[in-house]
Structure formats: C-alpha cells, structure tokens
Amino acid sequence: MTGWWFLVPLFTCGYGTPVMVLIAAARLRSSLHTILGIGYVAVIASLILTRMIASPGSASDDEHAVVGLVTLVLWIVGTIHVAALQMRIRERWFRTAARYQIPSYPPPPWQHGTGVDPALAAAQWRAARRQEARELQASRPAMANELMIGRPDLPGREYDDGGLVDVNHVPADWLVRYLTIDRDLADRIVEARDLHNGFTSAEELVVYCEGLTPAKLDLFRDRLVFVPR
C-alpha cells in the first residue's frame with residue numbers, strides 16, 4: 001500500500017519529501033536513503049530559515065529567484081524520488097511474498113520493473129528448499145528424521161522441506177494429495193513398497209508399480225525422497 005506516497009511531496013511542494021524518504025529508508029534498511037532524507041531536511045530548513053531572516057523588501061530579486069528555483073527543484077526531485085522508492089518497496093514486497101509463499105495480489109503492469117514473476121519465484125524457492133532438504137537427509141539423517149522431512153502427514157512439523165514426500169512411509173491419501181496422482185496409482189505404490197520393503201530410487205517405482213510410466217514419474221520425481229524403512 002505505497003501507491004499514494006508520491007502525493008505527499010507533490011501536494012506539499014516538496015516539503016513532505018524527507019518524511020517519506022526516511023520511512024522508505026527504514027523499510028529498505030538503506031543508509032544511503034537515510035542520509036538523503038537528512039539532506040532533504042537540511043535543504044528545507046535552510047529555505048525556511050532564509051525566508052524567516054530576510055526582512056520584507058531587503059531581499060534582492062536574485063535571492064528570491066534562487067529560493068524559488070531551489071523550492072521548485074525540491075518539489076520535482078522529491079516527488080520523483082519518492083515515486084521511485086515506493087515502486088522499489090513494492091517490488092521487494094512481492095519478491096518476499098513469493099519466497100515465503102505469502103498470499104498477495106499480483107503487482108500491476110507498471111510495477112514489474114525487476115521482471116520478477118511471483119509464481120515463478122515461489123516455485124524456484126520450493127525447488128531450492130527440496131534440494132536443501134535432500135542434502136540434509138543424506139548427510140544428517142537423524143536431524144532429517146527429527147525435522148520430519150518428507151512427512152507432511154505427521155502433526156507438529158515445523159520445517160518446510162519444499163513439498164518432499166517420503167514414498168516409503170506416507171499414506172496413500174497423502175500421496176494422492178501431494179503428488180497429484182489418482183488413488184489407484186497411490187494404492188499400487190503402497191502395495192509395492194510393502195511387498196519390497198520400501199523403495200531406494202525413483203526408477204524402482206516404474207519397475208514395481210504397474211501403470212506408472214517414466215513420463216508420468218517425471219511429473220513428480222523432484223518431490224520424492226526415500227527414507228529407509
């Protein structure tokens with residue numbers, strides 16, 4: 001909700017610029033914009049002080065022209081600066097929302113300055129989380145078991161593994177839900193894993209599960225993890 005920010009300097013002839021710049025600096029944690037905000041305060045203070053000190057009729061035309069020019073520049077530059085900051089903060093919000101899968105409305109076309117697609121960014125983030133969880137499963141299985149990696153069916157799980165599914169333990173209902181497969185295939189997977197005491201690789205699913213083709217397996221291969229039974 002930053003679309004109105006530029007109106008503050010626009011309707012205050014630039015005098016509201018430092019307030020919005022300092023707010024943006026706090027949101028972005030930017031030392032540069034904090035300094036710029038303080039600079040705006042100094043310029044505005046100088047303008048006000050100059051007008052207070054100058055007695056009526058004592059200021060020359062050149063002095064009036066300089067004060068007017070500085071005020072005009074402050075007005076224009078401040079409005080443009082705040083408009084740029086509001087777009088930057090908005091883009092940052094959508095990147096954060098995509099990363100942590102926070103529900104949000106899509107940004108309007110004029111807010112796509114970075115070219116970041118929230119849905120694509122969210123999918124890429126989940127893929128990275130799955131890879132991280134697999135590496136943890138391989139290197140530290142005890143910790144992976146404590147974090148319940150691949151077990152969306154267990155209550156109390158806090159670690160987000162990006163959507164991994166342990167096909168050696170997850171019930172059929174959860175295979176249907178998380179792998180987006182039909183119930184018949186899920187039942188065949190459960191039957192085959194019980195018969196062979198679990199799987200060790202994705203290829204074994206094709207071998208032991210009738211009706212599961214390599215092409216169909218590729219649709220959810222990236223979400224599989226195989227914890228020994």
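Each residue takes its place number in the sequence, starting with 1. Computed from heavy atoms alone, side chains included, the values below leave out hydrogens, waters and symmetry copies.
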Give the intermediate values and the outcome of side-chain contact (heavy atoms from CB on, under 4.5 Å) for residues Phe226 and Thr200.
-> CA-CA 6 Å; Phe226 304 90; Thr200 59; 5.7 Å; no
With sequence neighbours left out, the residues meeting salt bridge (Lys or Arg N to Asp or Glu O under 4.0 Å) with Arg140 are none
Could you tell me which residues satisfy salt bridge (Lys or Arg N to Asp or Glu O under 4.0 Å) with Arg221, sequence neighbours excluded, listed by chain and number?
-> Glu203, Asp218
Do [X] and [Y] belong together in a cluster built from hydrophobic side chains that touch within less than 4.5 Å?
X: Val165; Y: Leu147; answer: no
X: Trp5; Y: Ile44; answer: yes
X: Met143; Y: Val227; answer: no
X: Leu175; Y: Tyr208; answer: yes

Please check this pair: side chain of [X] against backbone of [Y], looking for a donor-acceptor N/O pair closer than 3.5 Å.
X: Asp153; Y: Val170; result: no
X: Arg151; Y: Asp166; result: no
X: Arg229; Y: Arg193; result: yes
X: Ser30; Y: Ala26; result: no
X: Asp161; Y: Ala133; result: no
X: Gln137; Y: Ile149; result: no

List the atom pairs, donor and acceptor, that lie under 3.5 Å between side-chain atoms in residues 73-83 and the rest of the protein, sequence neighbours left out.
| residue | atom | partner | partner atom | Å |
| --- | --- | --- | --- | --- |
| Trp75 | NE1 | Leu10 | O | 2.9 |
| Thr79 | OG1 | Trp75 | O | 2.8 |
| His81 | ND1 | Tyr40 | OH | 2.9 |

Could you state the interatomic distance from [atom1] ([X]) to [atom2] ([Y]), rounded to the nearest 0.5 Å?
X: Leu22; Y: Arg27; atom1: CG; atom2: CZ; answer: 13.0 Å
X: Phe220; Y: Leu185; atom1: CZ; atom2: CG; answer: 6.0 Å
X: Met148; Y: Tyr159; atom1: CE; atom2: OH; answer: 12.5 Å

Going by the side chain to side chain contact (heavy atoms under 4.5 Å, CB included) test, name the single residue among Thr71, Val70, Ile38 that passes it with Val43.
-> Val70
Show your reasoning for whether salt bridge (Lys or Arg N to Asp or Glu O under 4.0 Å) applies to Arg188 and Asp184.
-> CA-CA 6 Å; Arg188 290 196 295 271; Asp184 289 340; 5.2 Å; no
Yes or no on side-chain contact (heavy atoms from CB on, under 4.5 Å) for Val167 and Trp174, after CA distance, side-chain angles and deciding distance?
-> CA-CA 10 Å; Val167 292; Trp174 292 82; over 6 Å; no
Show the numbers, then the answer: is there a side-chain contact (heavy atoms from CB on, under 4.5 Å) between Thr34 and Val21?
-> CA-CA 7 Å; Thr34 300; Val21 171; over 6 Å; no
Go through the side-chain N and O atoms of Glu135 and Ser139 and say whether any donor and acceptor fall under 3.5 Å apart.
-> no
Is any side-chain heavy atom of Ile189 closer than 4.5 Å to a side-chain heavy atom of Ile181?
-> yes
Basic-acidic side-chain contact under 4.0 Å: Asp173, Arg183 | yes
Looking only at non-hydrogen atoms, find the nearest pair between Arg223 and Tyr178 and report the distance.
-> NH1-O, 2.8 Å
